[in-house]
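Everything below concerns the one structure shown next.
Every heavy atom of this structure was used, including side-chain atoms; hydrogens, water molecules and symmetry mates were not. All values derive from a computational prediction rather than experimental measurement. A, B, ... follow the sequence lines: proteins, then strands. Residue 1 opens every chain.
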Protein chains: 2
Amino acid sequence: MANLSQKLTRLLRGQLNLKLQRFNSTGCKLIYCEHGDPVKVIRKETETIPDPAKDEVLIKMLAAPVNPADINTIQGKYPVRPPLPAVAGNEGVGEVVSVGSGVTDFQQGDRVVPLVSALGTWRTHCILPKNNLLKVPKKLGLVEAATLSVNPCTAYRMLRDFVDLKPGDTVIQNGANSACGQNVIQICRAWGLRSVNVIRDRAGVNELRCFLKDLGATHVLTEEELRKTQIFKNGELDKPKLALNCVGGQNALEVMRHLQKGGTMVTYGGMSREPVTAPTSALIFKDVRIRGFWMTEWSKQNADSIDRFEMLEELISMMTSNELQGPAFKMVNFEQYKEALMNTMTIKGMIGKKYILEFS
Amino acid sequence: MANLSQKLTRLLRGQLNLKLQRFNSTGCKLIYCEHGDPVKVIRKETETIPDPAKDEVLIKMLAAPVNPADINTIQGKYPVRPPLPAVAGNEGVGEVVSVGSGVTDFQQGDRVVPLVSALGTWRTHCILPKNNLLKVPKKLGLVEAATLSVNPCTAYRMLRDFVDLKPGDTVIQNGANSACGQNVIQICRAWGLRSVNVIRDRAGVNELRCFLKDLGATHVLTEEELRKTQIFKNGELDKPKLALNCVGGQNALEVMRHLQKGGTMVTYGGMSREPVTAPTSALIFKDVRIRGFWMTEWSKQNADSIDRFEMLEELISMMTSNELQGPAFKMVNFEQYKEALMNTMTIKGMIGKKYILEFS
């Protein structure tokens, strides 16, 4: 009986594959053959989509973001350098079209997120080993799914892996309006942590302040306000145990000053292009600890770890219960990739909109 | 019988105390009533030496070093600020003169090292709770005993507490000719670690190179040589897991560049008066970790820990077996403290001689 059922399933799947393959036998991908200006070196290419092999899954991509790190990778300025020619893109969400004969965990129509970095997600179709995919619920928003594996995970790990934080503890961060910063604010709220969020003074700063407070920020301070703040002196908040830095330079130093004894600053970006500077006295007498975090490396080291799947499960649950919302975004068709590339490179807005490529 | 023996001991001790007290009833100490230039604010004062109370020990100081941190403490520039007026001095070695009735672990003639920081060791006599003293063997050199609790301990802990080092691993340090640096070299040799020692180019650099190599340095490099060195590229040495920094600024940055992925730089001094600067990429992509170490704080946190006594025992054993030699020094009589202060403040030599006050 089981045998018969298996045979029928295989037969049915075979027919579906055949049908879909006929329908989708040609796909498109955005590739680059040399490093350089993304607008110049990226080009669209068609490709024939084969059937998935035994342990593989054929996916029709639904959405894939254009992240700053994708730009840097294409420019050859990122430590990850896929062999050329390479398909661009690092994140995304797709739908299972068909599966190989050895795949039982996925079926047609499942929504999946690839879990390998630098895979090349800017393509209409991709074939992936079954172990490199995470099935996500359909109630998870498309944008949330497409941008799940970098920013929310970075925020989650930085809040979890460096310092033992308990509800009521304070976290301070600069660049609080960054995509990752917005995740930090929301995860802090969900976990009962107080967040002090530092932003640059700018036109419309109060609008930004309101936006971040709505996300759950305990305090939003400009750099100038941070210098004069009394919130750590008047007993309102404990000094932060953890500081998250994506700016560097003088701004990072001002943030570091507020850390409590033995506190840690974790750097995950350097928007000012200035290094992180630590006063000798802070290192020796305050035992301030300076670290860095890179999600790509963590994911590589923890590819099959329980920690990773627990994290993804918790993040998805936070997203589907609306505790954690995806980034502000603009969805553009795959064909308009140049607009997405140019806008990601010149991002200057208050809350940079993430460009998401749509493949339908 | 035991009772009689105890009574006799007590009686005898009492007589000795009486005799010694009569002999030494007046002592001298170097005190300061305000912070400022040590040569100006330090003055000698006589004091009456009482009998030790039940759990106390009366010590006749034999030798006490003048450390740069002592100078900074007197100047009010150090985070440790004993209440004024204060007796200066932080380290030393003494001999037990008499003990209180509750003291059984020490007896007259024992050589002891005080284990509390900022105690005030620049005095002919001091009375200390028995728990604040470490008995050291008489075969331990006087200079080694007097300078046991800061530099050798700092070197030991930095080599032990930050990174898991195994024989054959590499440690890199700058300011390698400092008092602590010399300890680092010798402990590395004793533990089978390779040490790469960075020094400033200077007149007589080859003499210094020989001196440090004789102590056990694997390599001694000037800053210029460090920039061009092939020792980590030609496979001779693994890249360092640990870097020790007492200089800061550009020098620390050059040293940091050689750390292996995940390596740690520990700062314990800042001779250049420049902060420690870490490139954002080193933090994120190389997972370089920046820490600081302060022996005073460690000793406070680990006052009665097994770790502390194991460390002291191991260091003393290394010293008595000549694996670890004390610093180059100049012994001066207590009365000539001004010479010691002035020379410690203007230390410029190749291997700064440590001034040791002698009380006999």
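Interface remark: of the candidates B/Glu274, B/Arg289, B/Lys286, B/Arg289 forms the most heavy-atom pairs closer than 4.5 Å to chain A. By number of non-hydrogen pairs under 4.5 angstrom with chain B, the leading residue of A/Thr280, A/Leu283, A/Asn245 is A/Leu283. The most heavy-atom pairs under 4.5 Å with chain A, out of B/Ala252, B/Ala278, B/Ser281, B/Ala282, come from B/Ala278. Counting heavy-atom pairs closer than 4.5 Å to chain B, the top-ranked of the candidates A/Val276, A/Asp287, A/Val266 is A/Val276.
Only the backbone of B/Val288 comes within less than 4.5 Å of a heavy atom of chain A; no side-chain atom from C-beta onward does. B/Pro279 touches chain A through its backbone: at least one of N, CA, C or O sits under 4.5 Å from a heavy atom, while the side chain does not. For B/Phe293, the part lying under 4.5 angstrom from a heavy atom of chain A is the backbone only.
Of all heavy-atom pairs between A/Thr267 and B/Ile284, the closest is O-CG1, 3.6 Å.
The neighbour count for B/Arg273 CZ, taken as heavy atoms of other residues, nucleotides or ligands under 6.0 Å away, does not exceed 12.
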